[in-house]
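Since we're looking at a predicted model, the values are computed, not measured. Counting convention: from 1, in listed order, for ligands and their atoms alike.
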Amino acid sequence: MFLRRERAGDESAIAAVHAAAFLRPDSPNAEPPEVALVADLRASPEWIPALSIVAVVDGAVAGHVVCSRGTIAGTIPVLGLGALGVAPNRQRRHIGTALMHGVIAAADAMDERLIALLGRVAYYERFGFTPSGNLGVIPPHDWYGDNFQARPLSRATGEERGRFEYARAFDKVP
Ligand SMILES: CC(C)(COP(=O)(O)OP(=O)(O)OC[C@H]1O[C@@H](n2cnc3c(N)ncnc32)[C@H](O)[C@@H]1OP(=O)(O)O)[C@@H](O)C(=O)NCCC(=O)NCCS
């Protein structure tokens with residue numbers, strides 16, 4: 001397995017990974033919203049090509065993660081992480097772990113200040129994330145609660161406080 005940046009031609013394989021990873025057993029015919037989210041992000045000004053990373057196993061895309069431009073307090077540029085998905089038949093083999101370490105290190109190297117995401121604390125705390133309220137970062141929706149997490153990077157100044165807003169493409173995700 002290795003990681004690399006997304007490149008032209010990966011789009012459908014990435015969509016297939018998220019379609020399978022986020023499939024809801026109670027509505028197996030519905031396309032998970034994460035598929036459209038990634039496509040909408042890719043077409044938006046908030047897309048950051050260097051932070052769309054795939055994991056390749058046996059020559060095929062087995063996982064994908066992307067960070068896009070978000071803001072804190074309307075003006076401070078930070079990152080929103082999502083979607084992160086690993087093909088179901090490749091899960092629990094540390095591909096998600098590799099993608100998380102890869103995208104965090106890439107963002108840190110790019111002098112980004114902070115990454116925020118919505119997810120389970122039990123999974124993301126190992127990568128240095130903490131419920132965002134601990135850092136003074138207010139979730140985009142109050143009901144996200146502690147599942148909305150943030151991780152400061154090397155360039156964080158401590159001024160990254162206030163309401164976080166994702167790229168507009170996230171507005172369509174239920
Ligand atoms: C979440 C996801 C990306 C993890 O990727 P993965 O490659 O399966 O995870 P890893 O193998 O790197 O997991 C490492 C460890 O994290 C833990 N872990 C994995 N998935 C977890 C989950 N959903 N919740 C809590 N802990 C989890 C396990 O303890 C695992 O350790 P193990 O070696 O004891 O199994 C993947 O399961 C996935 O695509 N899920 C469906 C989509 C999704 O929920 N994405 C995240 C949205 S927030």
Can you give the donor-acceptor pairs under 3.5 Å from side chains of residues 16-32 to other protein atoms, not counting sequence neighbours?
residue : atom : partner : partner atom : Å
His18   : NE2  : His64   : ND1          : 2.8
Arg24   : NH1  : Phe22   : O            : 2.8

Distance-only criterion, 3.5 Å: show the donor-acceptor pairs between side-chain atoms of residues 85-103 and protein atoms not counting sequence neighbours.
residue : atom : partner : partner atom : Å
Gln91   : NE2  : Val86   : O            : 2.9
Arg93   : NH2  : Asn89   : O            : 3.3

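One N or O on the side chain of Arg126 and one on the backbone of Tyr123 form a donor-acceptor pair closer than 3.5 Å.
Closest non-hydrogen pair, Ala15 versus Val35, comes out as O-CG2, 3.8 Å.
A distance limit of 4.0 angstrom between heavy atoms and ligand 1 selects the residues Ala21, Phe22, Leu84, Gly85, Val86, Gln91, Arg92, Arg93, His94, Ile95, Gly96, Thr97, Leu118, Gly119, Arg120, Tyr123, Tyr124, Arg126.
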- [ ] List the steps, then state whether side chain to side chain donor-acceptor pair (under 3.5 Å) holds for Glu46 with Ser68.
- [x] CA-CA 6 Å; Glu46 290 91 4; Ser68 54; over 6 Å; no
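In this structure, Val78 shares a hydrophobic cluster with Leu37, Leu41, Trp47, Val66, Ile72, Ile76, Leu114, Leu118, Leu135, Val137, Trp143, Tyr144, Phe148, Phe164, Tyr166, Phe170, Val173, the cluster being traced through Ile, Leu, Val, Met, Phe, Trp and Tyr side chains under 4.5 angstrom apart.
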